[in-house]
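Shown next, in structure tokens, is the structure this report addresses.
Each residue takes its place number in the sequence, starting with 1. When a ligand or atom number is given, it counts from 1 through the structure's own listing order.
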Amino acid sequence: MSDQILGDGLREWESPLYHETVGQFDRVADIMGLDDNIAERLRVPQRAIVVTFPYRRDDYSQVESLFGYRVQHLLSMGPTKGGIRFAPDVNLGEVAALAMLMTWKCAIVGLPFGGAKGGVRVDPTNLTRAEKQRVTRRYTAEIINFIGPNKDIPAPDMGTDEQVMAWIMDTYSQQVGHTEPAVVTGKPPALGGSVARREATGRGLVSLLPAAARLAHLDTEGISVVVHGFGNVGRYAALAADQAGAKVVAISDISGGVYNGRGIDVNEAMSWVDLNRSLEGYAGGDRISNDDVLLLDTEVLMPCATGGVITDHNAGEIKAKLIMEGANGPTTLAADRILNDRGVLVVPDVLANAGGVTVSYFEWVQDLQNYFWSEAEIVGRLREILSRAFDDVMSVAVGHKTDMRTAALIKGIRRVADAKLARGVFP
Ligand code: NAD
């Protein structure tokens, strides 16, 4: 069906990740016997904005043009919510797929949002701080009519951070004429950001480790963990795993991996990256390639870098018994089938990395009320929501005799379908 839809003049979404995401949706819609009319609506995003805009390099005479995107997959559940990524390969199809995944993720953990995603096709490592600020502010100005606390609330993703969110919030506030913290989440705490948002995705991922390890028949004491990707998600996942008594034996980033069988000193590695921007030159273990990092002999693998890293080419050689997806879409559909057949337990992205959007939801609620919670309160509520979602997904998995990814998607899609059926068709 996805090929038919893509072939019916909707080629603008064409991208490997969109194919994967729609293919996954079609499979699950079929299993759960989803109403055909609802399935057709959910297969494509409700709204997509493509902008091109100029920005000045620090050399004032040099003006470059960039592509930017914001896709809102579903407007029926409340405002839309999702990150903004700055990366050299961002395209409309990828952003559309990620927006759809956000819809399922919010529905799985029970948040009152539809999914969205945004991006600018630019290599952020190639921008000075001033250039990045100009790109951010102009991109925000281009999409300003489509975002807002009750419309669509961006957050950080690959290549963006608290500072970028602060610039978006400032640009939006300047335009509307008053300070509006609730327009973005993942801001610095001084601007109404959550004290625990930065760590939320990695911390949330690791909070599910004991329950997932039990299912995979693994002992959590000293359990070996490999973390692929050492950015916002990966570094706090590694830190939380270390603090929970696991042994983090390898970490990696775009510059390659570091392996240490006695355990990586995660705090030291974080300080190194803060000073040097990457793990390049870090001497806390043996240097290995990113491909080898994924194939290490470990009990748990946490892919926390980017999409499509576990494919049918390497899935058969992965030695981990448990994969917890910190990144969005790290496993292709073909790889997923291989891992399932091999009995590897995969805790899927839509559940495993939902800690980020959950604490973003808390941040938005606190901004709207101007009433801020303590870190302990935030972390406690995060654990409660994720652990309830995990148990609910497991009940669906047992009921349908299926894997966790299918079960999570059944749960999310069911909630969305119920809401859409209750609202009906306008006019
Ligand atoms: P980030 O930019 O902070 O970090 C990305 C990390 O991955 C960096 O260490 C980078 O060097 C590394 N990397 C990039 N490409 C790589 C490759 N091909 N091989 C190995 N390492 C590579 O991004 P982030 O915010 O940590 O996001 C990472 C993933 O997690 C993305 O898929 C994102 O969509 C997803 N995610 C992020 C959040 C969040 O709160 N930031 C929440 C949910 C999901």
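Other residues, nucleotides and ligands contribute at most 12 non-hydrogen atoms within 6.0 Å of the CZ atom of Arg277. Within a 6.0 Å radius of CZ in Arg198, other residues, nucleotides and ligands contribute 12 heavy atoms or fewer. The neighbour count for Arg383 CZ, taken as heavy atoms of other residues, nucleotides or ligands under 6.0 Å away, does not exceed 12.
The only option from Asn353, Thr21, Thr306, Asp349 that meets the side chain to side chain donor-acceptor pair (under 3.5 Å) definition with Asn328 turns out to be Asn353. Each of Val347, Leu294, Leu301 was compared with Ile323 under the side-chain contact (heavy atoms from CB on, under 4.5 Å) criterion, and only Leu301 meets it.
If you number the atoms of ligand 1 from 1 as listed, the ones under 4.0 Å from a heavy atom of Asn290 come out as 19 (N), 20 (C). Residue Asp253 has at least one heavy-atom neighbour below 4.0 Å for each of these atoms of ligand 1: 9 (O), 11 (O), 20 (C), 21 (N). Interface of Ala327 with ligand 1, defined as ligand atoms under 4.0 Å from a residue heavy atom, comprises 29 (C), 30 (O), 32 (O), 35 (C). The atoms of ligand 1 that sit less than 4.0 Å from any heavy atom of Gly159 are 2 (O). If you number the atoms of ligand 1 from 1 as listed, the ones under 4.0 Å from a heavy atom of His228 come out as 19 (N), 20 (C).
Here the protein heavy atom with the shortest distance to atom 6 (C) of ligand 1 is Gly231 N, 3.6 Å. At the shortest separation from atom 42 (C) of ligand 1 among protein heavy atoms lies Thr201 OG1, 3.4 Å. Scanning the protein heavy atoms around atom 28 (C) of ligand 1, the nearest turns out to be Ala305 O, 3.2 Å. Regarding atom 10 (C) of ligand 1, its nearest protein heavy-atom neighbour is Ile254 N, 4.0 Å. Shortest contact from atom 33 (C) of ligand 1 to any protein heavy atom: Asp157 OD1, 3.3 Å.
For Arg85, a nitrogen or oxygen atom sits less than 3.5 Å from a nitrogen or oxygen atom of ligand 1, counting backbone and side chain alike. At a 3.5 angstrom cut-off on N or O pairs, Arg197 counts as close to ligand 1. At least one N or O atom of Val233, backbone or side chain, sits closer than 3.5 Å to an N or O atom of ligand 1. Distances between N or O atoms of Ser252 and those of ligand 1 include no value under 3.5 Å. Note: an N/O pair closer than 3.5 Å links Asn328 and ligand 1 by distance alone. Of the N or O atoms in Gly234, none lie within a sub-3.5 Å distance of an N or O in ligand 1. Residue Asn232 has at least one nitrogen or oxygen atom sitting less than 3.5 Å from a nitrogen or oxygen atom of ligand 1, judged on distance alone. Of the polar atoms of Gly229, none of the N or O atoms is found under 3.5 Å from an N or O of ligand 1, judged by distance alone. Of the N or O atoms in Cys304, none lie within a sub-3.5 Å distance of an N or O in ligand 1.
Proximity of Val206 to Gln243: side-chain heavy atoms (C-beta onward) are nowhere separated by under 4.5 Å. The shortest distance between side-chain heavy atoms of Gln46 and Thr103 does not fall below 4.5 Å. Between Asp152 and Arg47 there is no side-chain heavy-atom pair separated by less than 4.5 Å. Between Lys420 and Leu74, the closest side-chain pair of non-hydrogen atoms falls below 4.5 Å.
Relative orientation of the Trp373 and Phe362 rings is tilted, given thresholds of 30° and 60° on the angle between their planes. In this pair, Tyr139 and Phe53 present their aromatic rings tilted. The plane angle is within the 30 to 60° band.
No side-chain N or O of Ser173 forms a donor-acceptor pair with one of Glu180 less than 3.5 Å apart. In the model, Tyr55 has no side-chain atom that pairs as donor or acceptor with a side-chain atom of Arg137 under 3.5 Å.
Within the 4.0 Å heavy-atom cutoff, Gly326 counts among the residues contacting ligand 1. The shortest heavy-atom distance from Arg235 to ligand 1 is not under 4.0 Å.
For the residues Glu280, Met158, Arg277, the heavy atom positioned nearest atom 27 (O) of ligand 1 is part of Met158.
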